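Computed over heavy atoms, backbone and side chain alike; hydrogens, waters and symmetry mates excluded. Given the structure is predicted, the values throughout are model-derived calculations rather than measurements. In what follows, every chain begins at residue 1, and chains take the letters A, B, ... in the order their sequences are listed.
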Amino acid sequence: MPSINQLPVTTRFAPSPTGSLHLGNARTAFFSYLWARQSGGRFVLRIEDTDAERSQLRFRDELMAELRWLGLEWDEGPDIGGPSASYCQSERGEFYRELYAQLEAHDQAYPCYCTPEDLELSRKLQRMSGQPPRYAGTCRGLSATQRAERAARGLKPTLRFAVPGDKIIEFTDAVHGPQRFASSDIGDFIIRRDDGTPAFFFCNAVDDSAMGVTQVLRGDDHMTNTPRQLLLLDALGLRRPGYGHVGLLVGEDGAPLSKRHGSTSVQEFRARGFLSAAILNQLFRLGHAADVDGWLPPAAMSAHFRPLHLGRAPARFDESQLVHWQKETLGRMSTAEIRAWLGADDATEFVDLVRHNVVLPVDAAPWRAVVRGDLEPLGELEQQVIAAAGAEFFAAAAAAYAQANSDLKVLTRILKERTGRKGADLFMPLRVALTGTAHGPELAPLLKLIPPETARRRLELHAQNS
RNA sequence: GCUCCCUUCGUCUAGAGGCCUAGGACACGGCCCUCUCAAGGCUGUAACACGGGUUCGAAUCCCGUAGGGAGCGCCA
């Protein structure tokens with residue numbers, strides 16, 4: 001549903017297939033997706049696989065699988081094509097070559113024969129003398145004969161963009177507002193590696209423009225990269241997309257989300273049993289202020305997305321909040337859905353009983369054991385409850401069970417008459433003896449699921465021991 | 001070092017000069033309900049980084065300070 005004053009916006013997600021889909025990337029992908037959907041525009045998926053060393057097909061497939069699992073469907077992409085195909089940068093060499101030629105023809109780019117060692121040394125020297133570590137421009141003024149001489153020595157050049165020295169680059173960031181940079185602060189940067197592959201600053205900017213992207217949404221860490229890309233686009237006469245830089249997603253300690261914070265990839269959360277709707281509800285509120293509170297079905301989110309309310313400050317990811325959305329999501333699922341999610345072929349009565357005591361599928365295991373297995377050893381609190389009730393109580397309980405069978409109401413009525421106990425004094429010992437813990441789902445239906453033989457044994461056990 | 005960005009309860013955030021004795025959500029505590037946990041209802045603790053201005057009035061505007069972050073890569 002496009003809003004009245006918003007033109008269709010084309011956004012994109014442009015991951016490099018060098019690892020699994022990180023929560024932070026998933027969030028920017030999600031915001032981009034929502035923005036496109038909200039405006040009635042398009043969402044493009046582009047794979048930035050220019051690093052042949054680290055890029056892998058399996059990561060690309062995994063990335064797409066996770067995106068789809070989250071429900072972020074793209075309108076153009078490597079698998080479905082589109083007007084700007086190919087959507088893999090490794091297949092766009094021809095397009096890049098033309099642009100390189102254009103830049104070189106206008107002296108806006110030049111071959112650089114400096115070796116990585118040269119460059120590192122130069123940077124080191126600059127740092128030591130308190131200078132910004134920028135490319136010194138060594139190869140910028142090389143004559144044709146000097147270039148030929150170097151090429152003859154077998155040196156393979158990179159291609160550098162000749163940054164104009166005296167420009168002010170201005171743009172309005174969609175989340176930060178007006179920005180101003182001086183080109184004199186930017187060194188000539190590499191736009192083509194010595195193996196002929198395009199470098200990020202170049203192919204990323206050029207593809208966004210060529211693919212008709214009108215709004216680039218990305219992490220804050222790209223903020224100071226933007227003027228470089230704008231310079232490049234201007235030199236090429238390509239249309240500038242709008243840029244918006246979202247605050248990063250960080251861990252509980254404020255450091256960028258990493259392994260030591262536990263799960264960080266969508267795949268890991270999925271494997272643990274978190275639901276996509278839960279993850280989406282959480283991401284929806286990290287670094288973004290929606291216009292409503294409370295759980296939203298994913299399909300309703302684009303209507304409540306507010307691009308102008310994206311956060312500038314880094315947002316901390318707090319798993320306890322994810323757990324909250326997980327509970328909210330679970331509460332809205334049918335028994336059949338939860339049963340499938342638990343993945344253990346449970347009886348529907350069992351599913352209905354434990355669903356409110358479970359956040360992840362693994363949490364169902366203890367209750368499964370209560371119903372069709374053996375109890376865990378009693379904890380300290382549980383032992384106290386058993387001891388306080390006494391052997392006599394359980395003898396009476398076992399006898400009552402013989403009469404009442406698995407009808408807890410009848411069982412407790414009989415026990416109440418015989419022992420004079422009521423309330424927690426009556427129920428707690430029963431709960432502990434029958435389930436092994438002091439907490440859990442409603443006891444009456446739970447008792448019905450415990451095989452009679454097992455229930456009797458559990459009650460009799462305490463009639464003898466204590 | 002240089003350039004840029006950021007800073008409201010523990011956490012996510014509302015807030016575009018008076019509607020703010022700063023609101024909501026999560027988490028936490030209490031009460032109610034209840035055999036227990038969960039759910040639900042009620043309720044409590046808790047924040048404008050600091051210092052100067054501007055203004056009748058500032059969380060909101062300006063300038064500094066402090067703290068945090070990013071970029072300056074043949075990685076994206």
Side-chain angles (χ1 to χ4, degrees), chain A residues 14-16 18-19 25 48-51 53-55 89 112 114-116 119-120 123 126-135 156-160 173 175-176 179-182 184-187 189-195 197-201 203-204 218-228 245 247-248 250 252 254-256 282 284-294 308-309 311-325 327 331 354-359 385 408 412 422-432 435 437-444:
Chain A
S16 64
T18 54
N25 287 338
E48 307 219 327
D49 53 355
T50 58
D51 184 341
E53 295 271 306
R54 297 198 298 144
S55 295
Q89 291 186 325
C112 169
C114 299
T115 64
L119 298 171
E120 196 174 325
R123 275 194 291 268
Q126 285 171 322
R127 272 184 208 281
M128 285 191 329
S129 60
Q131 297 294 311
R134 287 205 274 273
Y135 181 61
K156 279 206 164 169
T158 59
L159 191 66
R160 277 186 194 270
D173 188 282
V175 351
H176 291 269
Q179 302 295 316
R180 234 175 116 85
F181 294 86
S184 54
D185 287 322
I186 302 170
F189 53 92
I190 290 175
I191 56 177
R192 186 182 65 205
R193 305 191 188 101
D194 66 1
D195 64 359
T197 59
F200 168 79
F201 286 134
C203 51
N204 176 265
R218 38 154 54 160
D220 239 350
D221 49 340
H222 286 294
M223 186 70 150
T224 50
N225 291 158
T226 310
R228 281 160 234 276
H245 294 91
L248 294 176
V250 298
E252 281 127 77
Q282 168 69 116
F284 195 56
R285 291 179 173 73
L286 281 174
H288 171 240
D291 59 2
V292 284
D293 267 331
L308 299 178
H309 289 255
R312 292 176 284 276
R316 287 182 200 226
F317 173 73
D318 181 353
E319 197 168 296
S320 75
Q321 283 172 359
L322 209 211
V323 165
H324 171 252
W325 298 118
K327 287 178 183 167
V354 304
R355 58 180 294 167
H356 297 300
N357 291 271
V358 164
V359 170
V385 170
L408 187 71
T412 50
K422 57 181 182 177
D425 285 340
L426 178 63
F427 282 89
M428 267 320 254
L430 288 176
R431 170 178 288 282
V432 171
T435 72
T437 85
H439 308 301
E442 265 192 284
L443 192 53

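- When the side-chain nitrogen and oxygen atoms of A:Arg193 are compared with OP1 and OP2 of B:A76, one or more of them lie within a distance under 4.0 Å.
- Across B:U36, B:C72, B:A14, the shortest atom-to-atom separation from the side chain of A:Arg127 is found for B:C72.
- Taking atom CZ on A:Arg312 and atom P on B:U7, their separation rounds to 6 Å, with Å as the unit.
- Distances shown here put a side-chain N or O of A:His176 below 4.0 Å from the OP1 or OP2 atom of B:C6.
- In plain terms, the two heavy atoms of A:Pro441 and A:Arg431 that are nearest each other are O-NH2, 2.9 Å.
- If A:Arg431 and A:Glu48 are placed on RNA chain B by their nearest nucleotide, the residue sitting closer to the 5' end is A:Arg431.
- Comparing B:G1, B:U7, B:C35 by their nearest atom to the side chain of A:Pro132 picks out B:G1.
- Phosphate contact (OP1/OP2 of B:A76, side-chain N/O of A:Thr50, threshold under 4.0 Å): present.
- In the set B:C37, B:G71, B:C35, the nucleotide with an atom closest to the side chain of A:Arg228 is B:G71.
- Within the 4.0 angstrom heavy-atom criterion, no nucleotide atom of any strand lies near A:Thr437.
- For A:Thr224, the listed nucleotide lying nearest its side chain is B:U3; candidates were B:G1, B:U3, B:A76.
- Using cut-offs of 30° and 60° for the angle between ring planes, the A:Phe189 and A:Phe201 rings count as perpendicular.
- For A:Phe181, taking side-chain heavy atoms from C-beta onward, the closest of the listed nucleotides B:C12, B:A76, B:U3 is B:U3.
- Within 4.0 Å (heavy atoms only), A:Ser320 reaches sugar-phosphate atoms of the nucleic acid but no base atom.
- Of the candidate nucleotides B:U3, B:A25, B:C72, B:U3 has the atom lying nearest to any side-chain atom of A:Asp185.
- A:Pro116 comes within 4.0 angstrom of a base, heavy atoms only.
- Residue A:Asp51 places its side chain closer to B:A76 than to any other of B:A76, B:G71, B:A39.
- Checked against B:C72, B:U36, B:C12, the side chain of A:Leu286 finds its nearest nucleotide in B:C12.
- Across the interface with RNA chain B, nearest-nucleotide mapping of A:Gln321 and A:Pro198 shows A:Gln321 to be the residue nearer the 5′ end.
- The CG atom of A:Asp293 sits 7 Å away from the P atom of B:A25 (whole-angstrom rounding).
- Residue A:Gln179 places at least one side-chain N or O closer than 4.0 Å to OP1 or OP2 of B:C5.
- Not one side-chain nitrogen or oxygen of A:His439 sits closer than 4.0 Å to the OP1 or OP2 atom of B:C37.
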